[in-house]
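Below: one structure, written as structure tokens.
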Amino acid sequence: MSEHLLVEREEGLLTLRLNRLHKKNALTRAMYSAMAEVLEQADRDASVRAVLITGGEDCFTSGNDVADFIQAPPAGLNSEVFRFMQALFEFSKPVVAAVSGPAVGIGTTLLLHCDLVYVSREASLRMPFVNLGLCPEYGSSLILPRLLGHARAAELLLLGQGFSGEQAAAWGIANQALEDGAATLAKAREMALRFQHLAPAAVADSKRLMRAPGRDELRRVIEEEGALFGQRLRSPEAIEALTAFIQRRAPDFSKFG
Ligand code: COA
């Protein structure tokens, strides 16, 4: 288990708390593996009624660790990140997210696979895949145009434009925007604990029915995005962008034609 993932238990609620604040909760391979393992076990454990994912009151996650992207780019469906994506995608019980501060890359796309999402008003969400020479991931190229319309999704995915928690709630990506990180975490916990008192099989059946339409197509898109993402990570464009992040400078794409 990774020291950067805290797992807390409160009645039937299992909380996964990202705990790498000095790196803005950037997700390492070890953290993905730990999250996948916890989710896989929780799915089999009848006493777990719901899962809450949070980074605490100040920061959700800055997304995949950029140094990991350079040193050990995920290679397809056997990678740690894909195992995590799979575990969340297949998870049969309700997943609630509490989001404050930055939620970048997979920090935003994973929300599309949660059942209830609470955000602080000032949370800053962003999917800067093109800005890093990459492409959308985790079904976002399918889900977001359908949810938001092509025009708005294009601003988010083709320009990498950021948006606030308040916007996420207005657009239906989140259930509600709250005044700050503490209120967001409290609300998410309160809602997640409600599942303790509901019939677990009825909840699981309902979730499965809600997620069923288009599921095979979504699974196929996630795999297609994942394969392309892996290729793009090794492209000169991505290497320039990731190196620029480490060197704290703007990337220079002018040489690519
Ligand atoms: N991977 C690795 N390290 C990261 C990181 C990431 N995704 N995000 C932040 N960090 C590190 C920074 O390098 C810095 O490390 P240092 O103190 O050793 O120099 C530390 O976390 C603090 O980050 P900083 O950028 O100084 O904080 P900020 O408050 O100014 O900005 C973010 C926060 C999240 C907006 C900004 O860090 C960011 O844009 N991160 C990259 C996000 C990204 O592109 N993720 C990949 C998406 S696919």
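In listed order, ligands and their atoms are each counted from 1.
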Item to complete: Please say whether the positively charged group of R211, taken as NZ for Lys or CZ for Arg, lies over the ring of F89, i.e. under 6.0 angstrom from the six-membered ring centre and within 45 degrees of the axis.
Response: no
Quick check, are the ring centers of F229 and F69 under 6.0 angstrom apart?
yes
* **Residues R219 and E223 bridged, charged N to O under 4.0 Å** => no
- Task: Flag the pair E40 and R44 as a salt bridge only when some basic side-chain nitrogen lies within less than 4.0 angstrom of an acidic carboxylate oxygen.
- Result: no
| request: Could you give me the CA-CA distance, side-chain angles and deciding distance for D65 and T28, then say whether side chain to side chain donor-acceptor pair (under 3.5 Å) is met? | output: CA-CA 5 Å; D65 188 285; T28 61; over 6 Å; no
Of all heavy-atom pairs linking Y138 and E225, the shortest is N-OE1, 2.9 Å
Dump all N/O pairs between ligand 1 and the protein below 3.5 Å as a table: atom names plus distance, one pair per row.
residue, atom, partner, partner atom, Å
ligand 1, 1 (N), V66, N, 2.8
ligand 1, 7 (N), S62, O, 3.2
ligand 1, 7 (N), S62, OG, 3.4
ligand 1, 7 (N), N64, O, 3.1
ligand 1, 8 (N), S62, OG, 3.0
ligand 1, 15 (O), K23, NZ, 3.3
ligand 1, 18 (O), K23, NZ, 2.7
ligand 1, 19 (O), R248, NH2, 3.1
ligand 1, 26 (O), R248, NH2, 3.3
ligand 1, 29 (O), K24, NZ, 3.4
ligand 1, 45 (N), S62, O, 2.8

